[in-house]
Colleague: 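This is the structure I have questions about; it appears just below.
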Amino acid sequence: MNKALLLIDIQKEYFENGALELVNPIDASENAKKLLEHFRKENGIIVHVQHISGEGVPFFVSRTKGVEIHENVKPLVGEKVITKQFPNSFRDTDLLEYLQSKEITHLVIAGMMTHMCIDAGTRAAVDFGFECTVIGDACATMDLQINGQGIKAADVHNAFLAALEFFYAKITTTKDYLLS
């Protein structure tokens with residue numbers, strides 16, 4: 001089984017003083033860093049996904065600090081960086097072709113936001129035939145609202161991970177993944 005690490009949108013916009021600050025993004029990015037270090041040590045395939053918004057969107061604006069990949073998971077020269085404009089990392093990008101060219105069959109996924117780009121990317125990956133493992137504690141999200149009711153980030157995070165685990169992915173922790 002050929003694995004690749006897919007780090008989705010671990011960008012400054014989601015951290016303190018960013019336009020879309022998440023709950024506990026530092027903890028998630030530190031766990032993602034552990035995965036990244038593991039894949040680098042093993043000379044594994046690593047793909048960084050970076051969201052850059054289209055015109056008129058007030059976040060992830062091109063050439064701003066917010067679009068920069070966070071220091072904890074900064075790509076090294078030679079590591080693949082995919083830029084996207086949609087939650088699904090495969091949409092209008094060369095991600096699928098790149099993974100196929102490397103004969104990847106299994107994706108280890110971490111990043112931001114659990115309820116949006118992690119969910120969309122994981123579901124798309126499975127639809128394209130990849131096996132997926134999502135590292136839950138290397139992902140982060142935010143509090144949401146619907147019909148005037150607040151939903152805490154932990155509940156959003158857990159609900160989306162539970163939904164993914166139902167069919168789309170194995171869900172695990174950084175520690176358990178690195179020990180396996």
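If you're wondering where the values come from, they're calculated on a predicted model, not measured in any experiment.
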Colleague: Strictly distance-based, threshold 3.5 Å: is any side-chain N or O of Asn88 a donor or acceptor partner for the main-chain N or O of Gly121?
Modeller: no

Colleague: Taking only Lys NZ, Arg NE, NH1 and NH2, and the carboxylate oxygens of Asp or Glu, determine whether Lys84 and Asp9 approach each other closer than 4.0 Å.
Modeller: yes

Colleague: Give a yes or no on whether a salt bridge exists between Asp94 and Lys80, defined as a side-chain N under 4.0 angstrom from a carboxylate O.
Modeller: yes

Colleague: Determine the interplanar angle of the Phe128 and Phe90 rings, folded into 0 to 90°, and report it as parallel if under 30°, tilted if 30 to 60°, perpendicular if over 60°.
Modeller: tilted

Colleague: Has the side chain of Asn31 got a donor or acceptor atom that lies under 3.5 Å from a matching backbone atom of Thr174?
Modeller: no

Colleague: Main chain of His115, side chain of Asp119: is a donor-acceptor contact present, judged purely on distance under 3.5 Å?
Modeller: no

Colleague: Could you tell me if His157 and Thr141 have a donor-acceptor pair between their side chains, going purely by distance under 3.5 Å?
Modeller: no

Colleague: How about CD1 on Ile146, more than 12 heavy atoms from neighbouring residues, nucleotides or ligands closer than 6.0 Å, or not?
Modeller: no

Colleague: Can His51 and Gln11 be counted as having a side-chain donor-acceptor contact under 3.5 angstrom?
Modeller: no

Colleague: Please determine whether the number of non-hydrogen atoms from other residues, nucleotides or ligands lying under 6.0 Å from atom NZ of Lys74 exceeds 12.
Modeller: yes

Colleague: Give the ring-plane orientation class for Phe15 versus His70, where under 30° counts as parallel, over 60° as perpendicular and anything between as tilted.
Modeller: parallel

Colleague: Suppose we call two aromatic rings close when their centres sit under 6.0 Å apart. Are Phe59 and Tyr14 close by that rule?
Modeller: no

Colleague: Applying side-chain contact (heavy atoms from CB on, under 4.5 Å) between Asn24 and each of Ile26, Leu22, Asp27, report the one that passes.
Modeller: Asp27

Colleague: Tell me, yes or no, whether the heavy-atom count around Gln149 atom CD, taken from other residues, nucleotides or ligands under 6.0 Å, exceeds 12.
Modeller: no

Colleague: Are the side chains of Leu99 and Leu6 in contact, using a 4.5 Å heavy-atom criterion?
Modeller: no

Colleague: Between Arg123 and Asp127, is the closest basic N to carboxylate O distance under 4.0 Å?
Modeller: no

